Trainee: 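Here you go, one structure.
Note that the numbering runs from 1 along the sequence shown for the chain. Since the model is a prediction, treat every value here as computed from it, not as a measurement.
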Amino acid sequence: MDIFYIVKLLYRRRILWIGVPLITGVIAFFFTLNLERTYRSSAQLATGYTITDQVKLNEERFNLYEINVKFDNLIETINSPMVIGLLSYRLLIHDLKTEKSFRELTPKKKAENKVLAGKNFKVLADTIERKLQNMEMLSLFSEDDKVLLELMEAYGYGSRSLRKMLRVSRVRYTDYVSITSFSDNPELSAFLVNTLCEEFLRYYNSLRTQRSSESVKTFAQLVEQKKKELDLKSEALREFKASSQVFDINLESTSKIERIKELETTLEEEKKNLRGLEYSLKSVNARLESFGSGSDILGSDQNSEIIEIRNRINVLNERYILEGSQNSTLRDSIVVLRRELQKKITSTDTSSEGSDMSADELKNRRRELETQIAIARQDVQEVESNLRAMRSTFGTYASKEARIATLERDVTLASEDYLNAQNKYNESLDVLLATTSSIKQVLYGQPPQEPEPSKRLMTVALSGATSFVLCILGILLLDFIDTSIKTPSYFGKSVPLKLIAVINRLNIKKTQGFEDVFSKSLEGQNQSMALFVESVRKLRYEIEATDKKVILFVSSRKGEGKTSLVHSLAYMFSRSRKKVLVVDTNFSNNDLTVALGAKPVLETMMEKGDIQAMKKGIIASIIKGIDVLGCEGGNYSPSEVFPDNVFGEGIKELKKEYDYILLEAAPISDYSDAKELIDSVEGVIGIFSSRTSIRQSDKETISFLSKLDIDKKLIGVVLNSVEKENLEH
């Protein structure tokens with residue numbers, strides 16, 4: 001849709017987009033004649049949300065999102081049913097108990113209202129005062145409250161009515177909230193904004209105090225609960241330490257670890273001593289084998305000393321373990337005895353393993369070594385037993401240590417929770433005792449001296465402009481959704497066939513006939529007639545340039561204008577002194593036969609198979625130079641009426657007598673007539689109406705015509721019934 005087409009489209013629809021806004025403006029003017037005068041009054045509240053010059057108990061960072069949320073909450077609170085209800089109470093009390101009321105309820109209206117009839121308004125006013133003092137809302141479940149609600153509606157002080165008169169908004173990028181009222185009374189407007197501010201502040205402060213008190217009470221209960229939990233955790237830790245006889249788990253664990261290390265060292269020494277004795281015994285046995293058998297040797301006194309020292313060590317070890325491995329004196333005594341035992345064993349090995357020992361001495365030495373090995377193995381077993389006992393004791397201490405650590409951690413967490421709860425409680429007390437509300441009324445509403453401008457001209461202009469825009473958009477939208485091939489350019493984009501003529505739309509029924517269209521002089525013709533005649537002349541020229549004499553006119557569907565176009569073209573050929581024969585082969589609709597006054601004899605003549613009989617059916621029309629052969633029409637096709645190729649032969653004979661033979665066929669998308677007549681004609685012209693859209697059936701017709709174009713049998717297509725304003729596109 002190009003800009004020139006849009007301009008011309010709007011120009012053609014100028015009556016619509018000029019007339020509708022004018023009518024709308026007139027209607028708006030009359031509707032605004034009786035507008036009531038309104039008086040405007042404003043008040044402002046300073047919130048303190050965006051300023052930091054006041055003393056605060058805690059440090060707060062400026063957060064734009066939180067500030068906006070605070071303002072939204074504040075505005076919603078002002079518009080809440082509670083605050084609006086309190087304002088309604090004040091208005092009713094003012095009108096019921098003061099002489100200078102804003103609105104009056106006449107006795108007639110009181111009598112007409114069934115709910116208020118017979119009610120004592122003084123009693124109602126006292127009830128409203130009590131509810132105002134206690135900040136109670138009215139309930140629909142109470143019959144008395146229903147009476148008060150009806151009274152508010154009767155005075156025009158209901159919640160819906162008040163919300164229509166009030167506007168609450170934040171002054172942009174400031175710390176202020178603006179409250180504006182519009183009413184028919186200047187004093188009422190000022191009373192509305194000031195009273196609304198008062199009742200809001202009273203309700204807000206009451207709500208804030210209630211919330212602070214609830215917070216203090218809640219935190220006090222929380223502190224008490226956390227204190228009990230801390231006491232329980234501490235008592236559990238104390239009882240576990242007392243039952244386990246553990247006073248310092250870290251010190252006892254360290255002592256146990258050191259004792260285990262000492263036992264492991266002793267075990268290694270005993271095993272080393274055992275290995276040395278076994279090696280000495282092996283050496284003595286080897287020497288005895290070299291001497292042969294010998295006599296038994298008795299043990300020496302030195303072995304008795306070694307056994308005695310080992311027994312003392314074992315006794316001291318048992319005492320040391322039973323006393324909890326804490327006695328340093330016993331530990332030192334054990335170390336001294338072990339060193340002495342090592343010296344005894346070493347001196348025995350040195351004195352007995354000389355190379356100059358006799359066989360009896362070697363046997364005696366062997367007995368000593370066997371005794372020492374037995375004692376050493378017993379010592380190793382005792383040390384291993386003590387080590388296992390110490391390790392099992394250490395596992396018990398590890399379990400106790402884990403349990404104590406868990407209990408101590410619980411005590412620490414409970415202590416932290418208690419301290420946090422205590423801090424919150426202290427903060428809530430500070431807020432309750434040391435802070436005050438930051439919201440103040442800084443601007444009080446005054447009764448306006450002049451009413452608000454009515455803005456009638458703006459309303460009328462806005463209604464006219466709105467209807468103008470809607471008309472323009474509607475015209476463009478309707479044209480946009482119109483998919484018809486209304487202009488030659490649209491046709492060229494939709495139909496890939498040669499366009500040989502564009503015929504403008506002409507209502508021939510409003511004329512006296514084709515004679516009235518084609519016989520008038522140029523001065524007597526209107527513009528549409530002149531365009532139509534010239535378009536038909538162009539089509540005649542295109543046909544004459546092809547040298548094709550037998551032309552078949554086809555269309556995709558009915559109503560495309562074939563009959564009128566064939567009639568007009570035949571008339572135009574007759575004016576150029578051409579002899580024309582019009583044959584109506586549209587058996588589905590024989591309008592051409594009726595229009596030219598022909599005899600419907602084509603089917604009857606062709607059934608006989610006599611070409612001369614077909615010639616006899618041709619009659620001269622009322623237009624000079626035009627003959628016509630009509631058909632009766634019916635539910636059949638040419639191949640069912642014309643035997644063999646008689647019709648084609650007849651057309652060839654008639655071609656000798658006529659300059660042009662024009663045939664009309666039934667729609668291609670609905671009938672097969674046109675396809676059966678192709679072999680009998682020399683050329684084909686397709687006709688499309690600009691008022692139709694290209695559908696799937698039309699695409700099949702276009703495909704059929706494209707094949708004829710390839711065979712050089714298609715002369716071209718004609719765009720028919722084009723609006724005069726669309727001819728240049």
Side-chain angles (χ1 to χ4, degrees), residues 36 38 41 43 45 69 71-98 101-169 177 179-185 187-211 213-214 439 445:
E36 295 182 356
T38 58
S41 182
L45 294 174
V69 172
F71 274 105
D72 292 341
N73 291 337
L74 179 64
I75 293 173
E76 287 300 319
T77 305
I78 296 175
N79 289 321
S80 65
M82 174 59 78
V83 177
I84 298 298
L86 295 177
L87 176 61
S88 300
Y89 295 162
R90 290 284 298 274
L91 288 168
L92 280 177
I93 293 172
H94 178 274
D95 287 356
L96 292 175
K97 290 197 170 184
T98 58
S101 60
F102 301 128
R103 294 173 180 175
E104 293 183 0
L105 196 62
T106 61
K108 182 179 180 181
K109 290 183 178 180
K110 294 180 182 179
E112 291 176 354
N113 195 312
K114 297 180 180 180
V115 179
L116 300 178
K119 298 294 181 180
N120 189 338
F121 278 36
K122 184 178 180 181
V123 175
L124 294 178
D126 295 337
T127 303
I128 294 172
E129 276 191 334
R130 185 177 67 256
K131 289 185 175 293
L132 175 65
Q133 185 67 27
N134 298 329
M135 287 191 291
E136 298 177 3
M137 292 186 63
L138 300 179
S139 174
L140 292 175
F141 295 100
S142 172
E143 295 297 330
D144 295 336
D145 289 354
K146 287 182 180 179
V147 176
L148 297 179
L149 287 171
E150 187 65 28
L151 182 61
M152 289 180 182
E153 294 295 336
Y155 272 92
Y157 296 149
S159 59
R160 292 183 180 179
S161 301
L162 291 181
R163 285 193 176 93
K164 291 180 181 179
M165 292 188 289
L166 295 169
R167 300 288 184 274
V168 182
S169 62
V177 171
I179 301 175
T180 307
S181 65
F182 300 89
S183 70
D184 55 354
N185 188 325
E187 295 182 357
L188 175 59
S189 298
F191 185 87
L192 282 172
V193 293
N194 293 328
T195 306
L196 181 62
C197 291
E198 292 176 9
E199 294 303 324
F200 161 72
L201 291 174
R202 186 166 74 95
Y203 172 71
Y204 180 78
N205 291 329
S206 173
L207 186 64
R208 190 170 180 274
T209 302
Q210 181 181 359
R211 289 176 178 174
S213 300
E214 291 177 354
I439 303 176

Trainee: Can you tell me if Asn194 uses its side chain to pair, donor with acceptor, with the backbone of Gly445 under 3.5 Å?
Mentor: yes
Trainee: Please check if atom NZ in Lys146 has more than 12 non-hydrogen atoms from other residues, nucleotides or ligands closer than 6.0 Å.
Mentor: yes
Trainee: How close do Arg163 and Arg167 get, heavy atom to heavy atom, and via which atoms?
Mentor: O-NH1, 3.5 Å
Trainee: What are the two closest heavy atoms between Gly156 and Met165, and how far apart are they?
Mentor: O-CE, 4.2 Å
Trainee: Using side-chain heavy atoms (C-beta onward) and a distance below 4.5 Å, is Ile78 in contact with Leu196?
Mentor: yes
Trainee: Could you go through Asn185 and Phe191, starting from their C-alpha distance and side-chain angles, then the distance that decides it, and tell me whether this counts as side chain to side chain contact (heavy atoms under 4.5 Å, CB included)?
Mentor: CA-CA 10 Å; Asn185 188 325; Phe191 185 87; over 6 Å; no
Trainee: So do the side chains of Leu207 and Met135 get within less than 4.5 Å of each other, counting heavy atoms only?
Mentor: no
Trainee: Hey, could you give me the CG/CG distance between Leu138 and Leu149, rounded to the nearest 0.5 Å?
Mentor: 4.5 Å
Trainee: Taking all atoms of both residues into account, what is the closest heavy-atom pair of Ile179 and Cys197, and its distance?
Mentor: CD1-SG, 3.5 Å
Trainee: Here's a test for you: under side-chain contact (heavy atoms from CB on, under 4.5 Å), which of Val168, Thr77, Asn79 qualifies with Phe200?
Mentor: Thr77
Trainee: Counting N and O atoms only, with roles assigned by atom type, does the side chain of Tyr155 sit under 3.5 Å from a partner on the main chain of Ser88, one being a donor and the other an acceptor?
Mentor: no
Trainee: Can you tell if the side chain of Leu86 reaches within under 4.5 Å of the side chain of Met82, non-hydrogen atoms only?
Mentor: yes
Trainee: Does Ser206 use its side chain to pair, donor to acceptor, with the backbone of Tyr203 at less than 3.5 Å?
Mentor: no
Trainee: Evaluate Ser183 against Ser189 for side chain to side chain donor-acceptor pair (under 3.5 Å), listing each step before the verdict.
Mentor: CA-CA 6 Å; Ser183 70; Ser189 298; 2.6 Å; yes
Trainee: Apply the side-chain contact (heavy atoms from CB on, under 4.5 Å) test between Tyr89 and each candidate in His94, Lys131, Arg130, Glu199; give the one that qualifies.
Mentor: Lys131
Trainee: For the residue pair Pro81 and Met137, what are the closest heavy atoms and their distance?
Mentor: CB-CE, 3.7 Å
Trainee: Output the distance between atom CZ (Arg90) and atom CG (Leu87), rounded to the nearest 0.5 Å.
Mentor: 8.5 Å
Trainee: If you define the side chain from C-beta out and look only at heavy atoms, does anything of Glu76 sit under 4.5 Å from Val83?
Mentor: no
Trainee: Can you give me the closest heavy-atom contact between Phe102 and Leu188, atom names plus distance?
Mentor: CD1-CD1, 3.5 Å
Trainee: Between Arg202 and Leu132, does the side chain to side chain contact (heavy atoms under 4.5 Å, CB included) criterion hold? Intermediate values first, please.
Mentor: CA-CA 11 Å; Arg202 186 166 74 95; Leu132 175 65; 3.5 Å; yes
Trainee: Using a 3.5 Å distance criterion without hydrogens, assess whether the side chain of Ser161 forms a donor-acceptor pair with backbone atoms of Tyr157.
Mentor: no
Trainee: Only one of Val147, Leu92, Asp144 forms a side-chain contact (heavy atoms from CB on, under 4.5 Å) with Leu124, so which one is it?
Mentor: Val147
Trainee: Between Ile84 and Leu166, which heavy-atom pair has the shortest distance, and what is it?
Mentor: CD1-CD1, 4.2 Å
